[in-house]
Amino acid sequence: QEQLRSLKTRVSSFCLLCQSCLSDVDAGVREQAFVVLSDLLLVFGPQLLRDGREALAPLVLLPDAGLQSQLAAFLMDHVFHHACSHEELSATGMSPPRVPGVSPGMPVPPLSPPVAAENSESHIEELHQRRVLLAGFCKLIIYNVLELSAASDVFKHYAKFHSDYGDIIKETLNCTRQIDRQEWARTLLLSLQQLMTELLLQQGPEIRAAEAFLEIRDLARRFSLLFSLHQLRNRPALLSMHREGIRFAFQEPPGPGPGLPPLNLPFLEVLSEFSPRLLRPDKA
C-alpha cells in the first residue's frame, strides 16, 4: 500500500506537469503534453481495475472538471480549428494569402513540383498529428475516463470535418452507443443543442435561411441514420431525445418581455430529422 501511495503521488505530480504544459508557448510542447496526458489517464483510468486488479484502486486517476475543460478546449484549438483551404476561405468571404509578385485578382501561378510536394507532405503530417490528438481524446471517452457527455465536443464536428476525421468520429459514435444507449442519444442531442445555441448567439433569431442552420439539420440527418437498425432497442432513447428536444425548443427566452416566441423554436426542424425513426404508436 505504501508503494501504491508513492506511485500515485508521482503519477499525480507528472499529470500536473503535463497539464501545465498544455498552455506552453510552443505548439509542439502543447501537443506532446496532450498525447502523454491522454495516455497517462488511459493507463491509470477505471479499466485498471479489470481482471481482478481491484487492489490497484488507489492508483486510479480521474481528471477533475478543470482538466476536462482544458482537454476539450485543446481539442477545439488544435484539432477543429486548423487552417482553412482556399475553397473554405472563399466560402467565408476571406481572401487567400498573398503571393509575392502577384497582384490581387491575377491568377496565381502553379507551385513548382518540389514546393507542391513539400506542401502536400507537410499537410499530410499535420493531419496525421491532429488525428492522433483526436484519437487520444476519443479513447478517454470510450474507456470511461471522461463522461460520455464530453463526446459532444467531438460529435458536433462530424459533418464539417468528415473528410479529415469521419472514420474516427464514426467509430467513437458506434463504441459509445454500446456503453449507454440513452446517454449516447442524449449526447447527440446535446451536440445539436450546442450548435444551435452558438448559431443564435452569432446571428440572432432569424436563422432558418442561414447556411449554418442547414448544416445543423444535415448533421441531425446523419445522426438519425445511426438509429436505422434495432428500432425496439432504440425506442426509449428516441422518445427521450424527442421529449428533451421539444422542451429545449420551447424554452422561454431570458430576460423581460413575456409573449415573445421561444428563440429555440427552429430546433423543432432539426428534431424532425429523427421523427421518421419513431415507431408508429409513438408518433401519435
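Between Q203 and F213 the shortest side-chain heavy-atom distance does not fall below 4.5 Å. In this structure, I207 and M196 have side chains that are in contact, with non-hydrogen atoms separated by less than 4.5 Å. The closest side-chain heavy-atom distance from I216 to L199 is below 4.5 Å. In this structure, the side chains of L190 and F155 stay at 4.5 Å or more apart for every pair of heavy atoms. The shortest distance between side-chain heavy atoms of D39 and L41 does not fall below 4.5 Å. Taking 4.5 Å as the limit, every side-chain heavy atom of I168 sits out of range of all side-chain heavy atoms of V154. The shortest distance between side-chain heavy atoms of K8 and F44 does not fall below 4.5 Å. Side-chain contact check for L189 versus L271: some heavy-atom pair is nearer than 4.5 Å.
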Open item on the list: Using the rule given for salt bridge (Lys or Arg N to Asp or Glu O under 4.0 Å), can you reason through R247 versus E244, listing the C-alpha separation, both sets of side-chain angles and the distance that settles it, and then say yes or no?
Closed with: CA-CA 5 Å; R247 200 175 298 127; E244 293 183 28; 5.4 Å; no
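In this structure, L201 places its CG atom where more than 12 heavy-atom neighbours from other residues, nucleotides or ligands lie under 6.0 Å away. Counted within 6.0 Å of CD on E206, heavy atoms from surrounding residues, nucleotides or ligands total 12 or fewer; the atom is thus considered open.
In this structure, H242 contributes its side chain and L238 its backbone to a donor-acceptor pair below 3.5 Å. Remark: side-chain polar atoms of R181 are not paired, donor with acceptor, to backbone N or O of P236 under 3.5 angstrom. Here the side chain of N264 pairs no donor or acceptor atom with the backbone of F250 at under 3.5 angstrom. At least one donor-acceptor pair closer than 3.5 Å links the side chain of R53 to the backbone N or O of L48. W184 places no side-chain N or O within 3.5 Å of a backbone atom of Q178 that could act as its donor or acceptor partner. Distance alone, capped at 3.5 Å, is enough to place a donor-acceptor pair between the S20 side chain and the L17 backbone.
Between the CG atom of L67 and the CG atom of L22 there is a distance of 7.5 Å, given to the nearest 0.5 Å. The CD1 atom of I246 sits 12.0 Å away from atom CE of M241, with the distance rounded to the nearest 0.5 Å. Between Q32 atom CD and L37 atom CG the span is 11.5 Å, to the nearest 0.5 Å. The CD atom of Q70 lies 11.0 Å from the CG atom of D77; values are rounded to the nearest 0.5 Å.
Counting only N and O atoms by type, the side chains of E2 and S6 include no donor and acceptor under 3.5 Å apart. At a cut-off of 3.5 Å, with distance as the only test, no side-chain donor of R277 or N234 sits close to an acceptor on the other residue. A side-chain donor-acceptor contact under 3.5 Å links R30 and H78.
If you chain together hydrophobic residues whose side chains sit under 4.5 Å apart, L16 and V60 never meet in one group.
A salt bridge links E198 with K156; the closest basic N to acidic carboxylate O contact falls under 4.0 Å. A salt bridge is defined here as a Lys NZ or Arg NE, NH1 or NH2 lying under 4.0 Å from an Asp or Glu carboxylate O, and E215 with K160 fails to meet this definition.
Aromatic ring centroids of F274 and F223 lie 6.0 Å or more apart. Aromatic rings from F74 and F137 are positioned such that their centres are separated by 6.0 Å or more.
Within the structure, side chain to side chain donor-acceptor pair (under 3.5 Å) contacts touching residues 131-153 (residues at least two apart or in different chains) are R131-D167, S152-Q194.
When each of H128, E121, Q129, H123 is tested with E125 by the rule side chain to side chain contact (heavy atoms under 4.5 Å, CB included), just one qualifies, namely E121.
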